[in-house]
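Scroll down for the structure; my scribbles are underneath it.
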Amino acid sequence: MRLTKVCQKLTGVDALVATDLSVDDGGVTFAVRPRWRKPRCGGCGRRGGQYDRGGERHWRHLALGSTILRLRYAPRRVNCRCCGVVTEQVPWARHGSRFTRDLEELVAYLAQTTDKTTITRLVGINWRTVGTIIERVVNERLDGQRLNGLRVIGIDEFSYLKRHRYLTVVVDHDQRRVVWAARGRGADSLTGLFDQLGEHGRAGIELATMDMAGGYLKAVGEHLPDARIVFDRFHVQRLASDALDEVRRDETRALAGGDDAGWIKRSRYALLKNPWNLTPRQDQKLADIQANNARLYRAYLLKESLARALDYRQPKRAREAFEAWLAWACRSQLPAFVKLSRTLRRHKDGILAYIKQRYTNAIVEGFNNRLRMIARRAYGFHSADALQAMLFLCCGGIELNPPLPK
Ligand SMILES: [Zn+2]
């Protein structure tokens, strides 16, 4: 009786009975059994008749300092009406796992926040095992209703393994969480989402944010005809920054060897920064550009005025400013901006939709940065499934309750 109490206390599991305790070099091992007499199916949890008894197994629990704590039991097999012959459910662990629920909870919790080395050292298991634990936890915890009632989504692609592999990630703006992910990028990778949403779910989506580059536009237009498309304003502005940088490089090249080439080359940060963040030196640099290089300064003004146009709150004013910008960029005689103006004109409605809707892809981009960290950590799992599990663990709104001292 005493033994059972101690074991229950240490594992946080009440539904077990401890029958023996052994101590050796490997640590402390409790011999246990479930408190219920009639075995339950490991697949569905229904009670069933005993089929036979398998060999003895060990489940690893949290360590007490450097001492490893284990549970030992020879599980029965159940003849289940639904699942066939299946190993029985045990109250201290998930089906198929050799770790207790507490240990898995702690590992998942650490994986949300901590680096790889710390986890493996702290828990004393290898990294690959961490990956399988995360997959199990996510399978059980991920909100099965997360695609129901979706209203505003954000779509983005995420590259990993040095841009050799891609994930398409979909977030729910309302709940601020990742709700869907799939391998690959571009229109085809969204097919699975549209299937899962069903007709009703697809009809419920009012708005989709994305950037112009992803190739998701066509797929969304076809499958979500009622959804308003909002192009991410920050992506639009980034394109203008890229165009500005192209002008800077062209100018550097054109002036190569001359006195001006050097300082123009070094003006990158002054040009790309937001004007209110400039240091006095960068301010001076900008003044020099204004005085000495009309083309580059024009490019700078184009970048800034595009941002101002998107700052307007009134759709009419924004549209006027944006139209004026397009006209100016088009006759700016700066090839990079002429090209950009054509792209932006094509996507005008989606860009201006931002003014009214105020949605950007910032939340997706925020997740993207987190993803980058996750991918670095998940490297070594060697599978897209494991990376996705890690993604849902960290950005899918899963709340964990690891056994911590109160
Ligand atoms: Zn079953």
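Note that ligands are numbered from 1 as they come in the structure, with each ligand's atoms numbered from 1 the same way.
Under the side chain to side chain contact (heavy atoms under 4.5 Å, CB included) criterion, Arg253 pairs with Arg249, Asp250, not counting sequence neighbours. Listed by chain and number, the residues in a ring-ring contact (aromatic ring centres under 6.0 Å, His included) with Phe231 are His347 (sequence neighbours excluded). Looking at residues two or more places apart in sequence or on another chain, you find a side chain to side chain contact (heavy atoms under 4.5 Å, CB included) between Lys273 and Asn277, Leu278, Thr279, Gln282.
A cation-pi arrangement, defined by a distance under 6.0 Å to the six-membered ring centre and an angle within 45 degrees of its axis, is present between Arg146 and Phe392.
Asp14 has no carboxylate O lying under 4.0 Å from a charged side-chain N of Arg35, or vice versa, which leaves the two without a salt bridge.
For the Zn ion (ligand 1), the nearby protein N/O/S atoms, meaning those under 2.8 Å, are Cys41 SG, Cys44 SG, Cys80 SG, Cys83 SG.
Checked against the 6.0 Å centroid criterion, the rings of Tyr73 and Trp92 qualify as a close aromatic pair.
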